[in-house]
Amino acid sequence: MMLNAFELKDKVAMVTGCNTGLGQGMALGLAQAGCDIVGVNMSEPTETRQAVEALGRRFLTVKADLSSTGVIPPVIEQAVAAFGRIDILVNNAGIIRREDALSFTEQDWDDVMNVNIKTVFFLSQAVAHQFIKQGNGGKIINIASMLSFQGGIRVPSYTASKSAVMGVTRLLANEWAKHNINVNAIAPGYMATNNTQQLRDDEDRSKAILDRIPAGRWGVPEDMMGPVVFLASAASDYVNGYTLAVDGGWLAR
Ligand code: NAP
């Protein structure tokens with residue numbers, strides 16, 4: 001019976017940036033738990049769509065460049081027009097720019113902040129309005145980072161944005177708990193995706209990182225499935241404003 005609390009049958013989950021990497025892993029985990037998926041992407045996420053549909057769940061593609069907030073109203077409209085409601089939002093889409101702080105450009109600052117925090121806030125706001133209209137709450141899961149807890153190196157706007165994600169997750173939980181909306185975050189550790197390709201290509205950095213991970217391996221998108229289903233489901237109804245590290249023990253070190 002306890003496992004019924006994790007059941008997500010016929011819930012509608014919106015996942016941004018689900019064509020690859022962690023977003024793809026989370027979309028598939030949510031679909032395995034019973035969700036229909038609204039994938040918000042810049043391009044058609046063919047592989048994810050096929051995998052979700054193979055699980056017998058519906059998949060809606062909404063095309064949007066999340067570097068500006070103007071796309072948000074049509075994103076919500078398309079999701080609601082197709083599936084009637086939204087129950088879960090996973091703010092996964094994110095970018096990173098690597099450069100010494102002494103040479104870091106304003107462009108690299110703004111580009112990262114726009115996708116990683118500005119749109120995360122305003123998409124959450126729009127989805128919260130939809131949750132309130134629907135009348136029975138909802139779940140928002142933001143994707144933070146180890147750099148919500150630590151400083152990092154050569155990624156100033158990424159660190160600023162992901163530290164902000166953890167702070168805003170707490171703020172939104174405080175304000176929206178009264179509407180039965182849970183806002184939590186997952187802070188992935190070092191995961192093998194496009195985001196970390198440069199790090200994994202750098203032998204010295206790659207070894208230094210691996211040496212510090214108690215699990216002894218880089219994370220993979222499948223590692224996100226259990227945590228996202230937990231935070232999307234009734235099993236976590238009394239968990240709010242928290243950032244859950246999924247890091248193979250990195251922060252414990
Ligand atoms: P990824 O493979 O680079 O995936 C990033 C996703 O975001 C892609 O689907 C990408 O779409 C999408 N995206 C980027 N800019 C977008 C925009 N303007 N509009 C719409 N979609 C956009 O990296 P990932 O590792 O899976 O990253 C997923 C999330 O986890 C990010 O928030 C990242 O910061 C976070 N994270 C990753 C790690 C890690 O070790 N990998 C650690 C901590 C946190 P395209 O493929 O079309 O560009």
Side-chain angles (χ1 to χ4, degrees), residues 14-29 37-49 61-72 74-75 89-98 107-108 110-124 140-150 152 155-166 168-169 185-202 205-206 209-210 212-213 215 217-225 227-228 243-248 250-251:
M14 176 178 283
V15 184
T16 66
C18 69
N19 57 314
T20 181
L22 305 185
Q24 183 177 56
M26 290 188 285
L28 295 183
I37 305 294
V38 178
V40 184
N41 292 280
M42 286 193 284
S43 54
E44 175 67 34
T46 308
E47 201 180 275
T48 310
R49 164 196 283 281
T61 290
V62 176
K63 205 170 168 194
D65 177 348
L66 298 169
S67 61
S68 75
T69 53
V71 298
I72 292 173
V75 164
L89 168 66
V90 182
N91 277 309
N92 167 77
I95 58 173
I96 192 162
R97 298 277 164 78
R98 299 179 194 277
Q107 190 72 52
D108 281 342
D110 289 343
D111 289 351
V112 171
M113 295 300 272
N114 283 340
V115 178
N116 290 16
I117 183 64
K118 185 174 177 186
T119 296
V120 166
F121 174 77
F122 285 103
L123 182 58
S124 299
I140 297 177
I141 298 143
N142 296 322
I143 302 306
S145 163
M146 293 297 96
L147 304 189
S148 306
F149 301 93
Q150 302 176 311
V155 286
S157 55
Y158 189 79
T159 300
S161 69
K162 293 298 186 177
S163 297
V165 164
M166 187 159 80
V168 164
T169 296
I186 296 174
Y190 286 82
M191 319 293 273
T193 67
N194 299 335
N195 176 291
T196 52
Q197 188 66 54
Q198 264 179 279
L199 281 184
R200 285 177 292 120
D201 289 346
D202 177 335
R205 285 297 312 280
S206 181
I209 288 167
L210 202 50
R212 198 201 136 137
I213 303 174
R217 63 169 177 86
W218 287 69
V220 291
E222 290 74 14
D223 290 317
M224 302 289 282
M225 288 181 172
V228 78
T243 297
L244 173 65
V246 177
D247 64 350
W250 172 277
L251 286 180

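Just so it is clear, the values below take in all heavy atoms, side chains as well, and ignore hydrogens, waters and symmetry mates. Predicted model only: the values in this text are computed from it and were never measured. Just so you know, ligand 1 is whichever comes first in the structure, and atom 1 is the first atom listed for that ligand.
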Ring geometry between Tyr190 and Trp218 (parallel below 30°, tilted from 30 to 60°, perpendicular above 60°): perpendicular
Gap between atom CG of Leu28 and atom CE of Met225 - 0.5 Å precision: 5.0 Å
Counterpart residues, salt bridge (charged side-chain N to carboxylate O under 4.0 Å, His left out), relative to Glu222 (two or more places apart): none
Spatial distance of atom CD1 (Ile209) from atom CH2 (Trp250) [nearest 0.5 Å]: 5.5 Å
Set of residues satisfying side chain to side chain contact (heavy atoms under 4.5 Å, CB included) with respect to Ser67, sequence neighbours excluded: Asp65, Val115
Side chain to side chain contact (heavy atoms under 4.5 Å, CB included) involving Val38 - partner list, sequence neighbours excluded: Val12, Met14, Val40, Leu60, Val62, Ala79, Phe83
Those protein residues which place at least one heavy atom below 4.0 Å from ligand 1: Gly17, Asn19, Thr20, Gly21, Leu22, Met42, Ala64, Asp65, Leu66, Ser67, Asn92, Ala93, Gly94, Ile95, Val115, Ile143, Ala144, Ser145, Tyr158, Lys162, Pro188, Gly189, Tyr190, Met191, Thr193, Asn194, Asn195, Thr196
